Amino acid sequence: MTVTPEDDFAQWYQDIVQKAQLAENGPVRGTMVVRPYAWRIWELMQGFLDEMFKETGHENAYFPLLIPQSYITREADHIEGFAPELWTVTQGGGKDLEEPAVIRPTSETVIGEMMSKWIQTHRDLPLLLNQWANVMRWERRPRLFLRTSEFNWQEGHTAHVDKADAMEETLRMLDVYETFAVRDMAVPVVKGEKTPSERFPGAENTYTIEGMMRDGKALQSGTSHYLGTKFAEAFDITYQSRENQRELCHTTSWGVSTRLIGAVIMAHGDAKGLVLPPRIASHQVVFVPVMAHKAPEVADEADRLAKELKAAGVRAHVDHRDQKPGFKFNDWELKGVPLRIEIGPRDLEAGVVTIAQRLGHDDEQGNPIKDAVPTGELVAHVTDRLVAYHDFLLQRALDFREANTKQVDNWDDFVAQVKTGWASVLYDGTEETEQKIKEATSATPRCIPSDFPAEDGACFVTGAPSAFGKRVIFGRSY
RNA sequence: CGGCGUGUGGCCUAGCUUGGUAAGGCGCCUCGUUUGGGACGAGGAGAUCGCUGGUUCGAAUCCAGUCACGCCGACCA
């Protein structure tokens, strides 16, 4: 790495993405090629999320990439929000299509259409679906992982008998996202509701988890929407109730995307490169054999120990490349591997291996402290160490966020605070005020945090009575 | 989409002002020596200079257009 995050965060981010071989631009503007090292991270993320989706009763299905253009226009707010972002297919087989098809920007419409066919009675509810898919939205200013024209995600779509049930689902899935962010990505998030101006097009309520990146900006990391009966009305999603009445379903949708990889990069990375939290690290442990060309038993021992670790459920990798150890140390640090194990003749002699941790276990010069661990204790040591390392990363991120979040009650403090972090404020909740704040500082309301205490007062901008009954977090965002 | 900037082997850059047929570093290949914090030597491969057109005897260089990328803004789950 030649640029530090402090020097130039945007450049640093791009360097990591390129040098750690995570992704690059595809040949069509705004598209992204995800390289194997990053796709593995996504697979691990998918694994944890999919398990939780299933535990909460959801089933995976798959719906078409192409949606009849007319579907998109059926819900007024939805089309208004997505019209500028649509990619449209007008030809097939060299002929103009009778009706152009849009490439899904999200699938509420096509899934709503199917739901209306599948749901007859209250006994069919709730209908709990999820799909893993790619979607496309025209983006004027693409950034790898954070905002690309095509991206991969999951989108959950559910239908319920009433508002209470749908709202419970909306908040349940928001909790799932929070659990995932904290437990698997070591990224603390603020959970809360979006203000009306930031709502998903077509939603009654939008909820979000917001993570703080190491430049103090917010990244919206997952959203969950209560859609009310808007899509049910547009797609005729109805059921017959116990009372033999025709009722509209209340629907929800919720999603997270490969943007989460961007969150991990920016929430944990440092001047040496990527820092991967162990639960989603492509390799949790990498062995670097030393002097293997002269002492073949070194490589054999590394292979044997890696096998032992794999049997214990640890993702271990042996770096057999023909490079000097120093090169490999730097390379794996750049790639964010949690633990590196050096093994050479000296270690073999002593019956130990030498372990270095990517972050948080350094001497005064900032060099990693290397610990000798007896070979027989390796599996237990690594297993414990990975858990402790996760906790360390989470705490570090939490400390950073707290150090960069302040309650402010006047304009000057606000302007200063959102330059480097988040401000929690009382404001009047109007779009005019939000606009004024945005124009002056480029900060926007991130969310109304669920766990903030009730509080009322005067808007720090206009002096009018504050809205939402509590403080709202403002910050610059991606 | 607006403003600014940048496009030269895989990567980073020099050359452009003053036109004459592309240079260096890193990386890559081969061989040898090396291996506990980014090795060294020797030999080698690799670019019609983003693209299109124009001016010219001749264009990386001048002109026009266009595409892509970056930053800021607008817009945006």
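Because the structure is a prediction, the values reported are computed rather than measured. Numbers restart at 1 for each chain; the letters A, B, ... are given by sequence-line order, proteins then strands.
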* Could you let me know what rC1(B) is paired to, Watson-Crick or G-U wobble, both distances under 3.5 Å, or none if it's on its own? => rG73(B)

* Can a donor-acceptor pair under 3.5 Å be found between the side-chain atoms of R140(A) and the base atoms of rG73(B)? -> no

* Could you give the distance separating rA42(B) and rU8(B) at their P atoms, to the nearest angstrom? => 29 Å

* **R141(A) vs rC72(B): side-chain N/O to OP1/OP2 distance below 4.0 Å** => yes

* Asked: Using purine N1 to pyrimidine N3 plus N6-O4 or O6-N4 for Watson-Crick, or N1-O2 and O6-N3 for G-U wobble, both under 3.5 Å, which nucleotide pairs with rU35(B)?
  -> none

* Under 4.0 angstrom, heavy atoms only, what part of the nucleic acid is P368(A) near: base, sugar-phosphate, or nothing? -> base

* **Nucleotide nearest N330(A) (side chain, heavy atoms from C-beta), chosen from rG38(B), rG73(B), rC28(B)** => rG38(B)

* Spell out yes or no: do the side chain of R29(A) and the base of rC69(B) have one donor N/O and one acceptor N/O closer than 3.5 Å? => no

* Asked: When you compare rA45(B) with rC31(B), how far apart are their C1' atoms, in angstrom units rounded to a whole number?
  -> 15 Å

* Is there a donor and acceptor pair, one atom on the side chain of Q14(A) and one on the base of rG70(B), closer than 3.5 Å? -> no

* Inter-nucleotide C1' distance (rA60(B), rU48(B)), Å rounded -> 11 Å

* To do: State whether the distance check finds a donor on one side and an acceptor on the other, under 3.5 Å, for side chain D347(A) versus base rG36(B).
  => yes

